[in-house]
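Reminder, nothing fancy here: chain letters follow the sequence lines and each chain counts from 1.
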Amino acid sequence: GENVEQHPSTLSVQEGDSAVIKCTYSDSASNYFPWYKQELGKRPQLIIDIRSNVGEKKDQRIAVTLNKTAKHFSLHITETQPEDSAVYFCAAKVGGSARQLTFGSGTQLTVLP
Amino acid sequence: NAGVTQTPKFQVLKTGQSMTLQCAQDMNHEYMSWYRQDPGMGLRLIHYSVGAGITDQGEVPNGYNVSRSTTEDFPLRLLSAAPSQTSVYFCASKDGAGENTQYFGPGTRLTVL
């Protein structure tokens, strides 16, 4: 089955700096890669996703890049703000199949004021 | 819409006790899943369902049962609770097999003594 590895497990940045979280996946058939944000004590919520037919997707301060050849994808947050502090999870899935999302182990991002 | 709801929010059990975690969604989603979240291990899939009457095992199914008698409800049963089942449990739903957003419930924090 699919295996998703996520790094780093913790990340601290100064407010205004950029943050990058990286994930690798094992199943070359995976073609859907969402990112979830989980604030303390809350449920995970989708913040951005990318499909394998594109290499990059942006939404305001967040962007995701995908390298299908290398089987890795990354989340980029620019101009970080204290409210970006949360746990971020990457996931992978074979789109259109009954297989469910496989999640990475999560990254605790702390934005220091 | 209430989205995905879970009850109870918190539960303490003694080893060997049984209980059912409730999950309901009002979005008419076909797909529903149960995950457990443990520190440093991300979200691991326990069981999932692709429609009423259909269930399948995920990554960590041992010690848990599920059933899906209606589209709306997907209860998770712990047959004989063990301390290793201490975790936060999230139910999730999505609309079909495609690359649609997976919505999570608020979670149930379970402690087994």
Side-chain angles (χ1 to χ4, degrees), chain A residues 1-10 21 23-27 29-54 57 59 64 66 73 86-108, chain B residues 2-7 9-10 21 23 25 27 29-51 53-61 66 68 74 87-109:
Chain A
E2 175 69 279
N3 182 47
V4 177
E5 297 198 355
Q6 183 171 347
H7 300 280
S9 56
T10 61
I21 302 170
C23 290
T24 60
Y25 60 98
S26 61
D27 189 345
S30 288
N31 57 4
Y32 175 61
F33 308 94
W35 286 87
Y36 283 79
K37 176 183 180 182
Q38 185 181 29
E39 296 176 353
L40 187 63
K42 301 286 183 65
R43 71 190 79 188
Q45 292 192 301
L46 179 73
I47 56 171
I48 195 168
D49 57 18
I50 191 168
R51 291 158 179 76
S52 60
N53 57 345
V54 298
K57 183 177 180 180
D59 183 3
V64 57
L66 172 64
F73 56 112
V87 178
Y88 292 81
F89 292 99
C90 63
K93 180 185 183 303
V94 177
S97 77
R99 285 192 239 171
Q100 303 298 291
L101 288 170
T102 299
F103 285 87
S105 55
T107 297
Q108 172 69 63
Chain B
V4 182
T5 58
Q6 290 182 237
T7 56
K9 290 186 178 180
F10 302 94
L21 307 185
C23 174
Q25 52 92 9
M27 297 175 282
H29 285 172
E30 296 175 303
Y31 280 48
M32 297 185 74
S33 310
W34 276 102
Y35 293 86
R36 59 176 290 171
Q37 182 176 26
D38 303 292
M41 303 189 74
L43 294 152
R44 293 183 293 167
L45 183 66
I46 305 171
H47 286 285
Y48 66 98
S49 168
V50 300
I54 307 169
T55 63
D56 206 348
Q57 296 182 350
E59 181 185 353
V60 289
V66 292
R68 184 94 181 271
F74 191 43
S87 188
V88 180
Y89 292 84
F90 286 99
C91 179
S93 75
K94 66 189 293 287
D95 186 15
E99 297 89 11
N100 301 311
T101 302
Q102 181 156 278
Y103 295 91
F104 284 86
T108 295
R109 183 174 293 276

Report task. Could you look at Gln37(B) and say if it's the side chain, the backbone, both or neither that has a heavy atom under 4.5 Å from chain A? Result -> side chain
Query raised in the report: Using non-hydrogen atoms only, which part of Leu43(B) is less than 4.5 Å away from chain A: side chain, backbone, both, or neither?
Result: both
Query raised in the report: Rounded to the nearest 0.5 Å, how far apart are CD of Gln100(A) and NZ of Lys93(A)?
Result: 6.5 Å
Query - Interatomic distance, Tyr31(B) atom OH to Asp95(B) atom CG [nearest 0.5 angstrom] - result: 10.5 Å
Query raised in the report: Does Arg109(B) CZ have over 12 foreign heavy atoms under 6.0 Å away?
Result: no
Report summary line: With chain A, the option among Gly40(B), Ala92(B), Gly107(B) that has the most non-hydrogen atom pairs under 4.5 Å is Gly40(B)
Query - Pairs of heavy atoms under 4.5 Å with chain A: top-ranked of Gly42(B), Pro39(B), Gly58(B) - result: Gly42(B)
Query raised in the report: Does the side chain of Ser26(A) reach to within under 4.5 Å of the side chain of Glu2(A), using non-hydrogen atoms?
Result: yes
Requested in this report: Go through the atoms of Pro34(A) and report whether side chain, backbone, both or neither lie under 4.5 Å from a heavy atom of chain B.
Outcome: neither
Query - Step-by-step side chain to side chain contact (heavy atoms under 4.5 Å, CB included) determination, Gln38(A) to Phe104(B) - result: CA-CA 11 Å; Gln38(A) 185 181 29; Phe104(B) 284 86; over 6 Å; no
